[in-house]
Peer 1: 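One structure is given below, represented as structure tokens, and several questions about it will come after.
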Amino acid sequence: MKNMNKIIASLLVGSMVFSLAACGNDAGTGETTPSTTPAESGTPTSDAAPAEVVKPDSITVMWDGTVFKEGDNYAEEFYSALNEALGIDVKWTRPDHSTYGEQVGIAFNDASTLADVVLLPANYYASYAKQGNLWNMTDAWLNSEIANSGRLTSVAAQVIDGWYTEGPDGQKGIYAMYPARGNGCITYVKATWAKNAGYDSAAALPKNWAEYQDFLLAMKEKNGGKAPVLAAGLVNDSEAPYTNYLPEFYQDAYPDIYQKADGTWVDGFTEPAMLGALERLNWGYSNGVLEASILEKPSTADVRNKFYDDTTGVFTYWAGSWAYTIKSNLAKNNLDDEVWNLPPIAELGSYMERLSPMIAITTSCKNPEGVFQYFIDPILDGGDVQMLWQYGVEGVHYEWNADGQTISGLATQATAGTEKESKTTKNLFEANLKLGNFSGVDPYTPQDVVIDEAFNLFNENSSPAPGICTSETYLNYTASLWTEKSRLISEVTQGSKTPQEAIDEYKSLTDDIVTQILAECN
């Protein structure tokens, strides 16, 4: 293959971590054969007789920053309360959020130290399951308390069907779960910026790309020449769905391996839609509506802060409680806190719901049945443990209101007065995203109507992100491919290459590897 040596030589370093991840545990260790196939609707059942399950004394867990972090929000109280509620000593490994994916890859290279439970980035799940790194929890899930409780939400069956993926035996099964939907991003617009540009209400916001272009140019002109749009990079190359921070610019383009409606797997970076996305990014940068620091791939915190301090006026970020966080921080900076939610423009069609991260039991775990029954299943127990995962600790993170039916958040010392003044409406997952209802009434009440308004807009205008291919070559080289794609996107955006030149160069560098990936996917 004429180009294989070229890309291996130029990109070997970028693929090392993913190559290590592919060399994990021997396939089959701790595996069970699935007894069922995905249900077409409702909750599936299993004929497998449950075996006696031993409760573990302790388990090891590798997790990112999506639960309360040490030193923040009285996290230690959460960990202590969870241990007490479960009757298990949970030992946490908490790599930095920004390098979490890399640390996961390294962790899977040493079965002797690999944690019993690992929170997997969504784009790792299918490949790790295929390679035999994850315990098959199909029967455990189908016999679980939550699956048979009648408390699953109306959207749960559809989400659970999406958990089924191919294992090392070629059969589909559930190799990980998550207690909530993935959620997604919507575009927030500062009302003052829009009004300065002549848009008198949210109803006047742009409906298509041409109107969006005029909108951005007018916002720039009428707000001191400041670029209205900033995102954490031109593409989110570390996690699917990759395009969620600049949806209006990418529209129908998806710059990764994905499956078309006819079942064929293709490389979206070489599809015609990508030419249009690259042209739009170049237009945005050359016309000064994309803030220049986007080329430096700022952190999401930096992007948020520039929106809070009035440097920018358009910000695409997570639906739900972030709407209130945005409003609160604008008010703290003595700015108008009115923010409008932009429905997806016509060419975009819908916002993309990300694939949720997945909670997996690794094949290094000595007692996977016990870990599932006593650690994973209780996450959605509809009672005390779910309250901990969803809201935190009573008297520390929240308190009950006089009605005995609702709760109010408590500011925590480590974060009082900052953008995280109260995270009690969300520990691991938000009430609007949960897959299992409480046995009684969910005590959730939004801190502000803007939370539910943002969720409702997303729910009414969203579609699932593409699934991930289980190709081993994809896992080994996806980091390398993204290095090239990110570089080429940046060069086109700055005008040093045309969109067609970038795609042609990408093909010349990656053709043999992509051909192999697509052969494996198809």
Side-chain angles (χ1 to χ4, degrees), residues 122-123 154-155 158-159 162 178 180-190 194 202-203 205-213 215-216 228-256 258-259 261 268 273-274 276-277 280-281 284 290 300 303-304 307 312-327 339-357 426 429-434 446 450-468:
N123 44 328
S154 60
V155 301
Q158 176 182 344
V159 175
Y178 198 71
R181 292 170 49 189
N183 198 13
C185 296
I186 65 172
T187 298
Y188 299 101
V189 175
K190 279 181 185 163
L205 290 174
K207 305 296 190 297
N208 56 51
W209 172 246
E211 292 179 2
Y212 189 66
Q213 288 176 291
F215 173 67
L216 297 182
V229 179
L230 181 61
L234 293 165
V235 67
N236 180 16
D237 57 12
S238 61
E239 183 184 29
Y242 310 111
T243 63
N244 53 334
Y245 293 149
L246 288 172
E248 293 82 13
F249 288 83
Y250 280 95
Q251 298 177 13
D252 59 342
Y254 194 74
D256 196 46
Y258 77 98
Q259 192 173 30
M274 193 62 195
R280 288 186 288 273
L281 290 169
L290 285 176
T300 53
V303 177
R304 294 195 300 265
F307 191 76
T312 60
V314 178
F315 177 40
T316 302
Y317 212 56
W318 302 104
S321 60
W322 273 106
Y324 175 68
T325 302
I326 291 168
K327 177 179 178 178
V339 175
W340 295 341
N341 303 328
L342 176 67
I345 60 174
E347 294 85 352
L348 174 61
S350 61
Y351 289 115
M352 198 174 290
E353 177 151 15
R354 72 166 179 167
L355 305 170
S356 64
K426 173 187 173 296
F429 54 93
E430 299 193 44
N432 284 321
L433 296 173
K434 66 183 183 296
V450 298
I451 294 176
D452 284 349
E453 286 175 350
F455 261 130
N456 292 341
L457 175 70
F458 179 77
N459 289 342
E460 294 165 7
N461 299 276
S462 62
S463 58
I468 305 294

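FYI, side chains are in, hydrogens and waters are out, and symmetry mates aren't considered; it's all heavy atoms of this structure.
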Peer 1: Tell me whether Y188 contacts the main-chain N or O of W318 through its side chain, where contact means a donor paired with an acceptor under 3.5 Å.
Peer 2: yes
Peer 1: CD of E353 to CG of L433: how many Å apart, nearest 0.5 Å?
Peer 2: 7.5 Å
Peer 1: Identify the two heavy atoms, one from L246 and one from L281, that lie closest to each other, and give their separation to 0.1 Å.
Peer 2: CD1-CD2, 4.0 Å
Peer 1: Nearest 0.5 Å, what's the CD-CG distance between Q213 and N208?
Peer 2: 9.0 Å
Peer 1: Taking all non-hydrogen atoms of both residues into account, name the closest pair between A180 and F429 and its distance.
Peer 2: CB-CB, 3.6 Å
Peer 1: Sub-3.5 Å donor-acceptor pair from the side chain of Q251 to the main-chain atoms of E248, do we have one?
Peer 2: yes
Peer 1: Is the ring centre of W209 less than 6.0 Å from the ring centre of F249?
Peer 2: yes
Peer 1: Distance check, rounded to the nearest 0.5 Å: M352 atom CE versus S463 atom OG?
Peer 2: 6.0 Å
Peer 1: About how many Å separate OH of Y212 and CD1 of I345, when rounded to the nearest 0.5 Å?
Peer 2: 7.5 Å
Peer 1: Is there a side chain to side chain contact (heavy atoms under 4.5 Å, CB included) between V450 and V339? Walk through the geometry before answering.
Peer 2: CA-CA 9 Å; V450 298; V339 175; over 6 Å; no
Peer 1: What residue among N456, D452, N183 forms side chain to side chain donor-acceptor pair (under 3.5 Å) with N432?
Peer 2: D452
Peer 1: Is there a side chain to side chain contact (heavy atoms under 4.5 Å, CB included) between M274 and Y250 once you walk through the steps?
Peer 2: CA-CA 8 Å; M274 193 62 195; Y250 280 95; 4.0 Å; yes
Peer 1: Quick check for you: to the nearest 0.5 Å, what is the distance between F307 atom CZ and T312 atom OG1?
Peer 2: 6.0 Å
Peer 1: So, R354 versus N236: side-chain donor-acceptor pair below 3.5 Å or not?
Peer 2: no
Peer 1: Under the side chain to side chain contact (heavy atoms under 4.5 Å, CB included) rule, what do K190 and F315 come out as? Steps first, then yes or no, please.
Peer 2: CA-CA 9 Å; K190 279 181 185 163; F315 177 40; over 6 Å; no
Peer 1: Heavy-atom distance under 4.5 Å between the side chains of V303 and Y317, does that happen here?
Peer 2: no
Peer 1: Measuring from T243:OG1 to D237:CG, what's the distance to the nearest 0.5 Å?
Peer 2: 12.5 Å
Peer 1: List the atom of N341, the atom of L205, and the distance in Å for their closest heavy-atom pair.
Peer 2: O-CD1, 4.1 Å
Peer 1: Can you list the steps and then say if N123 with L355 is a side chain to side chain contact (heavy atoms under 4.5 Å, CB included)?
Peer 2: CA-CA 8 Å; N123 44 328; L355 305 170; over 6 Å; no
Peer 1: Kindly give the heavy-atom pair with the smallest separation between A319 and I186, and that separation in Å.
Peer 2: CB-CG2, 4.2 Å
Peer 1: What's the shortest heavy-atom distance between Y351 and P344, and which atoms?
Peer 2: CE1-CD, 3.5 Å
Peer 1: Should the heavy atoms of other residues, nucleotides or ligands under 6.0 Å from CD of Q158 be counted, would the total exceed 12?
Peer 2: no
Peer 1: With distance as the sole test, does E430 use its side chain to make a donor-acceptor pair with the main-chain N or O of S321 at under 3.5 Å?
Peer 2: yes
Peer 1: Work out which heavy atom in R181 is nearest to a heavy atom in S356; give both atom names and the distance.
Peer 2: C-CB, 4.4 Å
